[in-house]
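Written below as structure tokens is the structure these notes are about.
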Amino acid sequence: MTVAIESAPLLQIENLRVYYWTQAGPVKAVDDISFTINPKERFGFIGESGCGKTTTIMAILRLIKRPGRIEGGKILLKGSDILTLSDEEMRQSRWSRISLIPQGAMNSLNPVMRVQDQIADAIVTHRGAVPIRELRERIGDLLETVQLSAEVADMYPHELSGGMKQRVCIAMATALEPELIIADEPTSALDVVVQKAVMETLIGVQERLNASMILIGHDMGMTAQVADRVGVMYAGKLVEVAGTRELFRQPQHPYSQALISSLPSIREKKRGGGIPGLPPFLLNPPQNCLFHPRCPHAVAFCQETPPPMHRIRTSHMAACHLLSAPEQFDSAGESDGGVLGATKAAAGAEAPSGHQTR
Amino acid sequence: MSLTYILRRLGIFFLILWVASTLNFVIPRLAPGDPIAALIGEMEEQGATVENSAELINLFRERFGLDDPLPIQYLKYMAALARFDLGYSIRFFPATVSQIVAAALPYTIGLLTATSLITFVLGILAGALLVWHSTPQFGRAVITFFMMLAPIPYYLLAIIFVSVLAFSLGWFPYSGVVSVGRLAEEGFDFGYIVDLVYHSLLPAFSIIIAGVGGWVLGMRGMMVTVLGEDYLTLAEAKGLKDRRIFLRYAMRNAILPQFTALAITLGYVVSGATIVELIFSYPGMGLRLFEAINSNDFPVIQGITFFLVVSIAVAILIIDLIYPWLDPRITYSRK
Amino acid sequence: MTTAFMPETGPETAPAEESSIGTRGLRASVRYWLGNWKLSLGLAMIIGLTGFSIFGSYIVDFDLTKVAAGDFNARPSEKYLLGTDNVGRDVWALIIHGIHPSLKVGLIAGVLGTAVGVVLGVVGGYYGGSTDAVISTMADIFLTIPSLLILVVLASYIRTTTLEFTALVIAIFAWAGPTRLIRSQTLSLRERAFVPLAKLSGQSDFEIAIKQILPNLLPYIMAGFVGAVSGAILALVGIQILGLGPLFTPNLGMILQAAYEGAAIFRGMWWWWVPPTAALMIIFISLFLISLALDELANPRLRERAK
Amino acid sequence: MAPPLLEIRDLTKRYGGGLFRQPSPPALENFSLRFVEGEAKITTIAGESGSGKTTLANLSLDFIHPSSGQILYRGQDISEMSRRERFVFRREVQAIFQDPFGTYNPFYKVDAVFNTVIQKFKLTNERSERRRLTEEAMEVVGLRPNEILGKYPHELSGGQRQRIMVARAFLLKPRIIVADEPVSMIDASLQMRILEIFRNLKEEYGISFLYITHDLSTAYQISDDIYILYGGSVMENGDIEGVIQNPHHPYTQLLVGSITLPDPDVRWEGRSSSAASEDTAAINLNGCKFYHRCPHAMERCASGTPQDYSVTPSQTASCFLFE
């Protein structure tokens, strides 16, 4: 499951910012996030809807639409910044280097083109004309890798079930053997049994290609099962990054803790759970730590200073004052011992009680 | 394409014909008094104005079966229509209505087919380009200008064209289909065709320019919707070339509802075009219609209407039969 | 008749979300939409023209519109602001007394057509079944038949003597467009989850149609109305150019017809044909602007583009 | 034994089947269920798309009519109710739907949701009383009335909108709430809060729930018993603890095995299926519905319809393996 971390990361995101310019002002959909993805690694993003996950991956593909704009930062793919590429160079790198498995496979296939033509489109555009027979063979092979019969090539999308469409999208995404596959909720519209099967197919293909993968999951259980490392996003910020096991066992950021403990499971019955309050309105977000209005441990200091990314272990980072400036909580604790107690419990290495397996 | 689909389309084809011809039957009989009886009476009195009027009157009596009960009259009328027998022109008796229509129909059909196709293609392309991101600003301005012509009726544009381009500037002939003195018998040579096209240009322009805007508008609306679809995002992510995304992914899908709309606007186009013909004295159905109105030539009025409805119904049938070929989903589901 | 004027319809073009004026409250949305230049310009043009004609009617003597009221074929001058036609009618007076009757025809046919369209569209769309099949097929057929030609047949048998009567005749064809538009919207609204919820809240089918569906149809009803009005005026003028309208009641179509008959263009009598053409242009363009604005109101994606 | 409140007997629903059309295979077949007066419980109906669970919801709300079988409310067939009886039925059997936005008419403020109910069910005529009832209902679901009333639905979050729907149902003090996928469009972080409200309503107000979902994890959290549907038929039924922790029917095993646990150390169980076998249209119409996808399929399953066999005292499975 854990992949040995090689020296050179495949993808390095540095201080990426994406704003949407509305009439009322900028919405900071992605605000100053940095992370890296290593070769062959599966990186999962979790967070409530609207926290900037999809915007982040669209930025990596440079497909942000007006009124959105990439305001700054670097997206280094094998060391070179794709934000400096010309439009034509970027077009050429799409799909051949970074491919996408879209959110709603239901509507992601062109309804008036046969499956074969849609896959062929990607191949021919990037690899030049290929003899028809060879092309057909190649497409047949691709469909086979996602457990579809070759007849599917001649079908139109409306003739396929949801799971089959999603498999077609996977076949298409791997057609050019890209280095990075981005999967945006690849299974959220499917039935549970199908979800699992499609996910297994996806992982199989990704491992065969030795590609890296970014996975956005509506279903955090799925992310826990599949990802090597996980990033937690909240209101456009990356608040925690850690190995999957570490994150789900010992989440450090109060938001991650709440998010993970709120998940229903068939391993235990919980009472309560969930995060109080609402994600912030990004036109007028709270100051500094964006989570403080909903945070059980918040003190005045959280509103005054932005929390820096604190490195807990080599591969585990979280942006919370609890971790990087505990003295603030100590001084606050002098007036209110309760906060200190809660703080220590939360910052401690022990998993929150709500998360133990039986 | 399933058989039920074809049968259903044929059903609609006949329904259109039936409604239109029934209206044609009912309308004269709604008139206060009986205009046909009155007309016959008038003809009997005037006697001399129309040649062989006694014969005509007899034919009329028989044809309209004025002494029969209404349902019988209706059946006789429908039976005659089925044989394309529309009776005789009053004004040009003994010429039949079918002969008169046959002389005028090619001009109208020719003009309309050409202009409708050109209008449709131009409008669709322009509408799609209007919202496409890489269309230059200048192109958008031109298209927007044509879009703004959408509300102007054909006939007003025709009037302006006649007055400015034909009359004041003298660039185009303002009436007729060929130059005076040039007769078809002289031969159907190249010069004749050039002359024919030259004379058709202004009427055609009026129809095209006044019609493009509507298509631009419809296509723009649909394109905006299609551009927001997931499959467009995926096409872009696939790194396809701009032109391919535009043609195969965006336009190809946005065009489908326009195609359906084409069937529905035909009636409107034909109505408008008849008046344009009148303004340009173009010897098609519109001009014949006007002449018939002025001489109370009821059989010709009805005949022209009937033939135009048939033409439209045929066009719609063709469009409907082509449609499933454009939209693979159609055989399975269509409202 | 003027399908070209109608907003593109169908569930696929009008995303269910945030499309309806309701999302911001009626009063707020009225304020918001008056800020839309197309709507305000269109309204200003049509209201201005109507006001000009109605007030003008009190000032300019109606008798000037009668045959032989002045010189024949007179050029515009101080005496005849827009000259006279070939039978001595004052064009300025004809225009002033001719605009509001033309609009009235549009209004009568538009109101009738829209009213019928709303009833048939909601009934067909909401109740569905064979009623709907009949209604929608008839609407489609009435849209395809060249209405102007049928109107010509009708008018040639029943020589209409008053404009009101012509309006009624035109209304026979004015219902099909609005019916189609309203029906397709009702069809998609019916599928929205607030309909079963209203049922659970004890509302009857009739109440659901009136209280839940109808308010959301408002922009489409307005669009259907504008389309029907301009279609009716278009048809009126068409009928008249063919020589089938009332010949002596001043209105724009009749002036145009007289100008055509009198070969105004070839005699260089621009003052005869330009003013009615211009007035009609203003009417059609203003209605078009209004329908564009309504289109944006009903289709939020267009709204974003329009900014 | 207390009298039944809601009793569903041998309910079958086929769609289509007009004059010329073949009737389609049943969307729901021979379904029975019972809620008893005075014993509030949460019953889950679980299944994939096409399993018939939404058909059951629509039938039990009297939105559509059964092809055969009956639904009795307080002993009265709901399709043959008098005006008076229907009034009571509507008031006492309420629903919460999946889409927390679509259920709102965008034309009206959220207040209208409450006002319509109060007016149609004649809860009160007084303005102040109306306000009091509304506020009370909102507090039960943990909403602050001042933050909500007077707003349009699009100004609220999905979680808020869905809670308002719960409050609306609560206002009528119903006996049963049919909740059709009430949290599937809601962020994971809020799902449990809504479900927690359900549990409170059951425990404190004695309201029963028919919880319709595809998500066994949430079902496990709040329900007392569960029916697993496949192709319109019940595959397994029983106490929630038993069915989830000890599934017997092969289909239930497949479903439970597909649940993803938010725990990297507990791997997926069950077998992986190929694209062909995941086609949910693959329903066997002659015998066991699950035949085409079943790993244990036997010859007799193709044509013989299994009965409900008891596998534990509180659990039945409809599979020949347990005959």
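Below, read A as the first sequence line, B as the second, and so on, with proteins coming before strands; counting in each chain starts at 1. For clarity, every value in this text was computed on a predicted model and none was experimentally measured.
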- Message: If I take atom CD from residue D/Q221 and atom CG from residue D/D215, how far apart are they, to the nearest 0.5 angstrom?
- Response: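 The CG atom of D/D215 is 9.5 Å from CD of D/Q221, to the nearest 0.5 Å.
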- What class does the angle between the rings of A/Y234 and A/Y255 fall in, given that below 30° is parallel, 30 to 60° is tilted and above 60° is perpendicular?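 The arrangement is tilted - the two ring planes meet at 30° to 60°.
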- Note on the structure: Turns out that what part of D/T218 lies under 4.5 Å from chain A's heavy atoms comes down to both
- Query: Heavy-atom distance under 4.5 Å to chain A: side chain of D/I222, backbone, both or neither?
  - Reply: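 Contact with chain A is absent: no heavy atom of D/I222 under 4.5 Å.
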- Message: Taking side-chain hydrogen bond (donor to acceptor under 3.5 Å, both in side chains) as the criterion, tell me which of A/Q252, A/H316, A/H253 meets it with A/E240.
- Response: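 The passing option is A/H316.
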- Query: Which residue, D/R293, D/K289, D/E48, forms the side-chain hydrogen bond (donor to acceptor under 3.5 Å, both in side chains) with D/Y230?
  - Reply: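 Looking at D/R293, D/K289, D/E48, the match for D/Y230 under the side-chain hydrogen bond (donor to acceptor under 3.5 Å, both in side chains) is D/R293.
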- Query: Which of the residues A/L190, A/D219, A/I46, A/L259 is involved in the greatest number of heavy-atom pairs with chain D at under 4.5 angstrom?
  - Reply: A/D219
